[in-house]
A.B. asks: 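My questions will all concern the structure given below.
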There are 4 protein chains.
Amino acid sequence: MIRVTIWNENFHERMAEFDEKFRPYQEKVLAVHPNGLHNTLADLVRELGDEVTIRTATLDMPDAGLPQEVLDDTDVLLWWGHMAHDQVPDEVVDRVQQAVLNGMGLIVLHSAHHSKVFKRLMGTTCDICWRDDTFERVFCVEPSHPIAQGLPRYFELDVEECYGERFDIPKPDDVVFMAWHDIGEVLRCGCTFTRGYGKIFYFQPGHETNRSYYNQNVRTIIKNAVKWAAPHCRRTVHGAPHIDVTLEELRLGKK
Amino acid sequence: MIRVTIWNENFHERMAEFDEKFRPYQEKVLAVHPNGLHNTLADLVRELGDEVTIRTATLDMPDAGLPQEVLDDTDVLLWWGHMAHDQVPDEVVDRVQQAVLNGMGLIVLHSAHHSKVFKRLMGTTCDICWRDDTFERVFCVEPSHPIAQGLPRYFELDVEECYGERFDIPKPDDVVFMAWHDIGEVLRCGCTFTRGYGKIFYFQPGHETNRSYYNQNVRTIIKNAVKWAAPHCRRTVHGAPHIDVTLEELRLGKK
Amino acid sequence: MIRVTIWNENFHERMAEFDEKFRPYQEKVLAVHPNGLHNTLADLVRELGDEVTIRTATLDMPDAGLPQEVLDDTDVLLWWGHMAHDQVPDEVVDRVQQAVLNGMGLIVLHSAHHSKVFKRLMGTTCDICWRDDTFERVFCVEPSHPIAQGLPRYFELDVEECYGERFDIPKPDDVVFMAWHDIGEVLRCGCTFTRGYGKIFYFQPGHETNRSYYNQNVRTIIKNAVKWAAPHCRRTVHGAPHIDVTLEELRLGKK
Amino acid sequence: MIRVTIWNENFHERMAEFDEKFRPYQEKVLAVHPNGLHNTLADLVRELGDEVTIRTATLDMPDAGLPQEVLDDTDVLLWWGHMAHDQVPDEVVDRVQQAVLNGMGLIVLHSAHHSKVFKRLMGTTCDICWRDDTFERVFCVEPSHPIAQGLPRYFELDVEECYGERFDIPKPDDVVFMAWHDIGEVLRCGCTFTRGYGKIFYFQPGHETNRSYYNQNVRTIIKNAVKWAAPHCRRTVHGAPHIDVTLEELRLGKK
């Protein structure tokens, strides 16, 4: 049983509360994600059935929805954010980083490439170039990877936001997917990383006004990623203990 | 001083000798490479000036142009081949493989992805998908790599043969360049590998009827690659020697 | 259900048939592996219960025990060999290589680092240094890897053959385990590779006269590796097909 | 010309100023490094002659010795710290991180694995296990790497502090060196990383009371690392610019 927590900054869904001029955009987002991006994602992950339990959390909840007890009860955390990265408290970032280092899986979606959490774990700016409303082909270049299970050579997204290289990330463990955009850009769009005992997957599709999370191949990728990122155990990263051994204990010189 | 040997199968340049029907294609190739692809490449590498000495070798020479004494006198070998891969004798392949394992650099160009030498060193089929006559953008995704020195974010090739993923290679050490083709394909088009003490660079542009080797960015890349692939020393891969030590020699138990 | 085939050259077990002087060594090996190394390994893998079906194959069988139909019916192949590498027919090597590229998992054990199959897939000499009868500590340095599931920081093998660096292999995908030997050597002793659609795990412990395959941690590692190397699907590596698309099909220019 | 800045926390060299009880240890350190660790390292780097200019900087200087103008004038920064990691101001850490991302090389020495700068760039705890006063063998496992130039298969350090796995770092680009310690520990002791446009090398030997920086092989490694880490150019990591192109500019649809 994989305990999944889906975090969403939940800003686009409520942005008219901050300024009425945002209402048209909010309605555009809600037309695609009637119950918020977190619930779109929850419905997707729910297709894993008995393999998962699902919780959603949003920035507007106490502790940004991620108190320690929630993280302690989470095997895989999905993170969607865009406009409100700076409002995530540093202590939440510390806590999520530590949870990942201790083994929690993390799936970083779309514009969350610029989230504090991802930048903290990468150590880089995670900058990209970008442009809205492009046609995308997603190529599977590491077909034996667990996240690629069931995927074709490539699939297409009619309208998705283009992110372009250079993507300022450390070298991924695996570049499972590469994107082709009709405006002449490429991206390492599906990348895995290991940090401490935790597995991380970044995946680019998923702009708030686009329908990529309803695409069957995207759904397969995210479900595969949940299963892949689930830890086989949780451990505490060890600190820096003194080694208490003697040569005798090691049986050196016994021969 | 880097001793460079440029190998070319030299088939397109002489194909009318085999069948007169090939004359138009041969003329098309010679229009781009009047002295053969090896000499086009030699002119390019010659821009490194006093840093290099250059030799060319072709399949139609004795020992396919690569007797042991030539390999012993080579720091970096460039390899261009397309139609005549199967005519390269296995003993030449053995010899080149061993030279690479002992430290010789190898630059594998365009359709030489299917050369016996490259497949031997990779252990895979090195298959790709392909189509002629496309428009290509080459993106520099590892800008701090020595081969990327002086390159912009991307550059364009008006007409080049498209190779598409999945490229059946082992995971490269570095994917320095990624290609975007207007027909909707991507490729890890500039990849490095280490095998034994030898460094290998594969680079996709360079179809026999295209002018990519006259492109200034392509020229920079190949010259950078020659410098990068040059070994700091040549060693013989060691065989499997018995370890002749005693614990006393290791000073174990001295404490 | 994972279909496992365990291949053993089965030479040490029968070496007195070739020369009576080998009888003492044969008896020493059979004292540890009464039914041959393949059956010791089969008993180990059998602990996976209903998850696996098991077949053994040996060099002395027709087609070296590995006709195409056996490979077609194999998800994961274990390979143990030492003295008879050269007697494995090249067509069997071709067949196993192709099966791995098409997705079959391969677990390469101990002195099989020098098997034709492993060298073919690596493209290098796979040379090491070596000495018998040392004390080994195996460190788990990639604890979140599936093959590391359930393993402690390190475990010890009282008597095992030391293999020492430099191990002439391409850079592994993951170095899951590192070995410390009391004679002053280290080794990347548990390494993963991907070739084509196939996953490969090399693991150093397992000399024919030692009892490492009865060690609980070693048994866990090999069982984990069987599960990890099992393909999620088998595909044929694709050859080099022409890309038959039109720009119109790609919907380029639609904007 | 490579502009090198050598940073030392300079605490062990002055620790008796903080508490007189530290005088014996201070004297022990100064016996090995009469002018401080930074000057021991400066003397070492100075052997590169005309290839370098050298500056030293210490924590007790204004801005911790690293105001922006110093970083702007630095190609490669060496960092030695141990007891005073927490006293390095966060704005200095920010500045150094940004300089590395923009291309400055960074060489992280010994206990600086726990420096704020290194942890920031890695995104992990960088924890290790440790014990003083062990005998170490350093193995060169990536002999074709520029940092390995001129190194033997292994060399020995009579007395050095043992650091043991698991070293909580992201997967290095290259593990150039591996350590064997007589107390039964191994370490990936010489590791390279790329972050942004900057190259990073971590190297474990160099405890304040040991003489490793006087070892000829260690000196070679650090000099090689200075040359390797020097950027071929400095760039500003690009932020996240909008892509201003039109399909026409790309000449899409032209065919």
Side-chain angles (χ1 to χ4, degrees), chain C residues 124-125 127-130 134-145 148 151-158 162-192 204 245-255, chain D residues 124-125 127-130 134-145 148 151-158 162-192 204 245-255:
Chain C
T124 59
T125 65
D127 285 349
I128 44 91
C129 308
W130 64 278
T134 67
F135 169 70
E136 176 171 356
R137 275 187 160 187
V138 177
F139 283 82
C140 177
V141 290
E142 213 57 75
S144 65
H145 196 283
L151 271 292
R153 183 169 86 90
Y154 67 85
F155 64 91
E156 300 180 349
L157 299 171
D158 271 0
C162 171
Y163 285 178
E165 295 283 348
R166 186 176 179 256
F167 188 10
D168 182 31
I169 46 172
K171 192 186 297 183
D173 291 353
D174 279 297
V175 177
V176 186
F177 301 103
M178 277 165 52
W180 177 99
H181 284 271
D182 61 354
I183 61 160
E185 298 287 331
V186 293
L187 186 77
R188 294 166 293 174
C189 73
C191 298
T192 66
Q204 159 259 325
V245 290
T246 64
L247 296 183
E248 289 67 35
E249 286 166 353
L250 264 180
R251 287 168 294 176
L252 290 178
K254 68 175 177 167
K255 290 176 193 186
Chain D
T124 59
T125 65
D127 285 349
I128 44 89
C129 309
W130 64 279
T134 67
F135 169 70
E136 176 171 356
R137 275 187 162 188
V138 177
F139 284 81
C140 177
V141 290
E142 213 57 75
S144 66
H145 196 284
L151 271 292
R153 185 170 83 93
Y154 67 85
F155 64 91
E156 300 181 348
L157 299 171
D158 272 0
C162 171
Y163 285 178
E165 295 282 347
R166 184 172 178 261
F167 188 11
D168 181 31
I169 46 172
K171 191 187 298 183
D173 290 353
D174 279 297
V175 177
V176 186
F177 301 102
M178 278 167 51
W180 177 97
H181 284 271
D182 61 354
I183 60 162
E185 298 287 331
V186 293
L187 186 75
R188 295 166 292 175
C189 73
C191 298
T192 66
Q204 159 260 324
V245 290
T246 64
L247 294 184
E248 289 67 33
E249 286 166 353
L250 263 180
R251 290 168 290 173
L252 292 177
K254 67 171 177 167
K255 294 175 193 187

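Convention: sequence-line order gives letters A, B, ...; per-chain numbering from 1.
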A.B. asks: Can you tell me how far CD of Glu165(C) sits from CZ of Arg153(D), rounded to the nearest 0.5 angstrom?
C.D. replies: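 The distance works out to 9.0 Å.
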
A.B. asks: Among residues at least two apart in sequence or on other chains, which ones pass side-chain hydrogen bond (donor to acceptor under 3.5 Å, both in side chains) with Gln204(D)?
C.D. replies: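 With neighbours one apart ignored, the set is Glu136(D).
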
A.B. asks: Between Trp180(D) and His181(C), is there a donor-acceptor pair closer than 3.5 Å when you use the side chain of the first and the backbone of the second?
C.D. replies: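 Yes: the side chain of Trp180(D) pairs with the backbone of His181(C).
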
A.B. asks: Which heavy-atom pair separates Gly184(C) from Arg137(D) by the least distance, and what is that distance?
C.D. replies: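 For Gly184(C) versus Arg137(D), the nearest heavy atoms are O-NH1, 2.8 Å.
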
A.B. asks: Could you state the interatomic distance from CE (Met178(D)) to CE (Met178(C)), rounded to the nearest 0.5 Å?
C.D. replies: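 Atom-to-atom, Met178(D):CE and Met178(C):CE are 3.5 Å apart.
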
A.B. asks: Listed by chain and number, what are the ring-ring contact (aromatic ring centres under 6.0 Å, His included) partners of Tyr163(D), not counting sequence neighbours?
C.D. replies: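 His110(D), His113(D).
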
A.B. asks: When rounded to the nearest 0.5 angstrom, what is the spacing between CD in Glu185(D) and CZ in Phe139(C)?
C.D. replies: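 Rounded to the nearest 0.5 Å, the CD-CZ separation comes to 4.0 Å.
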
A.B. asks: Kindly give the heavy-atom pair with the smallest separation between Arg166(D) and Cys140(C), and that separation in Å.
C.D. replies: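 So the minimum-distance heavy-atom pair works out to CB-O, 4.5 Å.
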
A.B. asks: For Leu187(D), which atoms come within 4.5 Å of any heavy atom of chain C: side chain, backbone, both, or neither?
C.D. replies: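 Answer is backbone: N, CA, C or O of Leu187(D) sit under 4.5 Å from chain C.
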
A.B. asks: Quick check against the 3.5 Å criterion: does Lys171(C) have a side-chain atom that pairs as donor or acceptor with the backbone of Val175(D)?
C.D. replies: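 Judged by distance alone, no pair lies under 3.5 Å.
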
